[in-house]
Amino acid sequence: MGPSPECDLVLRGGVTSGIVYPRALVELARTFRFRDIGGASAGAIAAGVAAAAEFGRQTGLNPGAFDETIAAIPEEVGGARAAHAGTSFRRLFQAEPRVAPLERALWDWLPAGSPFRFLLARLGDLLGGVWLAAAVAMLALAVGMIVAVLTALMAAKGVLLGALLLLLLLLLLALPVFGVILPLLLYARLRFWRNGIVANFRRNGFGLCNGTTRSLWEEPASEPTSPEAKAQAVLAGGALADWLHLKIQQAAGLWEGGKRPLTIGDLWCGRLRDGKEAEPGQLAWCTDRAIDLVLTATNLSHQVPHRFPFLEPPGLRLYFQADELKRVLPAPVVEWMVEASEATAEFHRRAGRTDLAELAQITREGLVFHRLPHPEDLPVLLGVRMSLSFPFLLSAVPLHALVCDDTSGAAGERDANGTPVLRPCLFSDGGITSNFPVTLFDGIIPTRPTLCINLADAAPGQTLGDGPEDRVELDLQTRTADRFARTAPEWRVDLGADGLGAFAMAIVDTARNAHENLLMTMATCRPRIATVRLNPDREGGLNLDMTPDRIAFLGEIGRAAGKALVDSWGPGSPDAWAEHRAIRLRTALAAFETALARLAREKAALDAGGTPVAETLDRVIEGLAGATDAERDAARWLANDLLGLAACFGGAANRPDRSLYDGARGSDPTALNRNGQAPRPRMGLRLVPTGSQDPLQG
């Protein structure tokens with residue numbers, strides 16, 4: 001069954017930097033049993049594989065999931081493949097043939113070290129190659145002849161008229177070359193890029209690699225392939241999604257025998273589900289989930305984040321078209337999704353829910369669109385692939401959205417023929433909106449630690465050590481009572497020394513990570529985040545062509561990060577864990593106090609203004625649909641108690657000068673902190689959309 005201590009796990013995205021995770025997972029798994037696992041981008045890969053390995057370990061389908069399957073990943077991706085030059089890492093990011101010129105540009109760009117040097121080196125080729133060179137040569141010849149004529153004029157003034165005529169002739173000859181022929185060449189070249197490469201890039205989901213090799217899954221029925229042979233074929237020639245399917249299935253112990261893909265429901269139940277044992281959607285309401293996997297993805301079409309597996313927000317239903325989805329996922333996974341969607345439709349049909357059955361499939365322009373299966377039936381691989389769709393490198397995942405009424409379920413928009421209208425939605429990298437969701441599983445008084453691994457470049461001016469342990473940072477000061485340690489955000493970019501490119505990237509990174517960078521300064525987060533420092537010039541990020549030795553070294557850094565977390569939060573540190581729990585509670589109570597005191601002020605202002613809060617509460621109680629009289633009485637009692645608690649806080653702590661959990665204003669008139677301050681920075685309670693329909697996580 002595995003080790004008894006439990007922990008939750010959150011992993012940051014970082015493209016190839018994620019190679020540090022396998023050995024970290026192995027080290028953590030020797031002490032902890034994983035319960036809630038989350039991540040984004042490359043962190044989603046590790047989170048999905050970790051959930052599968054925990055499933056394999058708990059069910060006994062793969063007892064050696066961590067020590068064997070997961071531990072072997074660095075060597076596996078660092079080894080060479082006969083099918084492709086370079087390491088397996090590079091082979092996983094194979095480009096679609098129709099955008100192959102972009103792949104060649106990518107591999108030329110990465111060693112250049114600078115996009116500007118790359119563009120300068122390739123400018124002639126992009127604009128027309130040999131034709132541009134010929135045009136430049138003609139220009140040089142014309143300029144040379146003009147210079148020669150002017151020189152002759154200066155030497156022999158008597159031939160001025162002839163020289164002027166010669167100059168005019170040269171200009172007339174140059175005009176069609178530089179005024180017509182060269183612009184036409186440039187226009188033709190741009191048209192080629194727009195109608196060829198650019199159009200294919202758009203059709204490929206705005207990504208160089210779609211992540212799957214369809215030929216791997218198209219075998220004749222008369223020639224079945226053994227699991228061993230299929231695994232070797234995936235390792236030899238599969239792309240990223242193919243390899244991930246293999247790793248998830250192997251870790252879960254489901255590869256042999258051609259079993260179906262691992263699903264979220266399997267993780268929740270801690271066993272391989274029948275699929276017919278519960279009404280669709282019911283497993284989401286079970287409170288005792290054996291393993292919970294939460295990944296982030298970004299809906300670019302609606303410009304909002306989504307949380308997998310609860311992908312459908314209120315008022316929106318998601319559909320997929322099988323052939324379209326097979327471009328980014330292995331065919332067996334998509335076929336399972338089709339079967340699950342059809343099984344759900346049949347269930348509704350037998351139950352007499354014709355409205356739900358009718359909208360289970362929508363046919364438009366000869367294409368069949370299937371409703372996305374319920375969360376418990378979604379393959380783990382789908383969430384991983386959606387979350388790691390790194391822009392421009394990996395194709396976005398195409399789904400289609402139907403706007404519907406959230407209560408009746410009726411389609412909100414139909415065309416002239418009465419067919420529901422589906423609008424395309426592209427799902428891209430989860431790191432666009434939440435690359436490091438450190439508070440994903442946080443509770444007010446946690447019952448188990450939530451451990452996090454952060455991937456970061458070396459800070460400006462920082463010299464990285466040579467050993468794996470030198471690359472790992474863990475802020476142990478705030479693990480215990482020393483909660484007044486550094487709270488300032490980390491200095492990440494030296495814009496005084498770096499150039500325009502660094503300034504532009506700083507804008508992008510700040511927009512993506514500002515919220516999470518603030519969260520990482522909190523005393524409730526800092527001590528449980530192991531930060532792995534990498535050299536961006538040769539490690540992680542977009543360094544897709546790292547050497548096997550470098551990949552192995554990053555694996556050892558991951559092992560050091562896992563060991564540091566175990567040493568700090570394992571069974572050998574019970575006092576530190578108890579003190580950290582107290583810090584979490586005091587921080588939360590200070591935030592509650594602030595919110596309740598504000599509620600007391602608002603209530604007093606409304607009551608004084610002639611709009612008693614009691615009237616507003618009566619309106620709320622009347623609007624509780626389906627509630628019994630006893631439930632309405634209980635609701636009123638709860639609300640009045642909350643208002644009374646707010647009044648109590650408002651009276652006991654005369655804000656803003658005094659707070660029960662945050663102390664009183666100090667003697668220094670310039671200070672903005674209180675003398676008994678709760679851990680800094682302060683936390684505040686706000687009502688914000690959760691981005692999830694998970695009934696257990698709000």
Side-chain angles (χ1 to χ4, degrees), residues 260-266 268-269 272-286 299 301-302 306-326 329 331-383 386 397-425 427 625-626 692-696:
R260 61 170 177 77
L262 180 70
T263 66
I264 291 297
D266 298 329
W268 287 349
C269 293
L272 198 61
R273 286 187 311 124
D274 180 325
K276 301 176 181 178
E277 54 199 70
E279 181 177 345
Q282 288 304 303
L283 280 181
W285 296 87
C286 296
N299 182 342
S301 302
H302 290 88
H306 288 238
R307 282 189 182 178
F308 178 88
F310 295 91
L311 289 169
E312 294 186 342
L316 204 68
R317 291 184 177 177
L318 294 176
Y319 290 75
F320 67 95
Q321 204 281 320
D323 287 336
E324 185 180 52
L325 202 57
K326 286 179 181 178
L329 286 174
V333 177
V334 179
E335 290 162 2
W336 157 259
M337 292 175 60
V338 171
E339 293 174 5
S341 179
E342 292 176 344
T344 300
E346 181 59 29
F347 177 89
H348 291 316
R349 197 172 290 112
R350 290 197 306 268
R353 301 168 183 157
T354 55
D355 53 340
L356 294 177
E358 176 190 356
L359 291 177
Q361 290 183 6
I362 296 175
T363 302
R364 293 189 62 87
E365 301 177 356
L367 297 176
V368 177
F369 296 85
H370 299 271
R371 173 82 182 274
L372 202 67
H374 284 282
E376 67 264 29
D377 288 327
L378 291 178
V380 169
L381 179 64
L382 172 67
M386 291 178 74
V397 174
L399 296 179
H400 301 264
L402 169 69
V403 177
C404 63
D405 185 270
D406 195 37
T407 54
S408 67
E413 187 177 1
R414 295 177 181 267
D415 61 18
N417 299 321
T419 304
V421 174
L422 292 173
R423 301 194 181 278
C425 285
F427 282 81
S692 172
Q693 285 283 81
D694 187 344
L696 303 188

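Computed from a predicted model, the values in this text were never measured in an experiment.
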Report the C-alpha distance between L378 and T263 in whole Å, list the side-chain angles of each, state the deciding distance to 0.1 Å, and finish with yes or no for side-chain contact (heavy atoms from CB on, under 4.5 Å).
-> CA-CA 5 Å; L378 291 178; T263 66; over 6 Å; no
Any side-chain to backbone donor/acceptor pair from [X] onto [Y]? Under 3.5 Å, distance only.
| X | Y | value |
| --- | --- | --- |
| R364 | P420 | yes |
| D266 | R273 | yes |
| N417 | T419 | no |
| E312 | R317 | no |
| W336 | D377 | yes |

Does the side chain of [X] reach to within under 4.5 Å of the side chain of [Y], using non-hydrogen atoms?
| X | Y | answer |
| --- | --- | --- |
| Q282 | E376 | no |
| I362 | H400 | no |
| H306 | M386 | no |
| V380 | I264 | yes |
| E342 | E346 | no |

Can you see which heavy atom on [X] is nearest to which on [Y], and at what distance?
| X | Y | answer |
| --- | --- | --- |
| R371 | L359 | CB-O, 4.3 Å |
| S301 | C425 | OG-CA, 3.2 Å |
| V421 | D415 | CG2-N, 3.7 Å |
| P379 | P261 | CB-CB, 4.3 Å |
| A357 | H348 | N-CB, 4.1 Å |
| V338 | A322 | CG2-CB, 4.0 Å |

In V397, L382, L372, the residue satisfying side chain to side chain contact (heavy atoms under 4.5 Å, CB included) with F320 is L372
| request: May I ask you to decide if the ring planes of W268 and F310 are parallel, tilted or perpendicular, using 30° and 60° as cut-offs? | output: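 Correct class here is parallel.
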- Does CZ belonging to R423 count more than 12 external heavy atoms closer than 6.0 Å?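 No.
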Reported [atom1]-to-[atom2] distance for the pair [X] and [Y], which is rounded to 0.5 angstrom:
| X | Y | atom1 | atom2 | answer |
| --- | --- | --- | --- | --- |
| N299 | L316 | CG | CG | 7.5 Å |
| T344 | R349 | OG1 | CZ | 11.0 Å |
| T363 | Q321 | OG1 | CD | 10.0 Å |
| L399 | L325 | CG | CG | 6.5 Å |

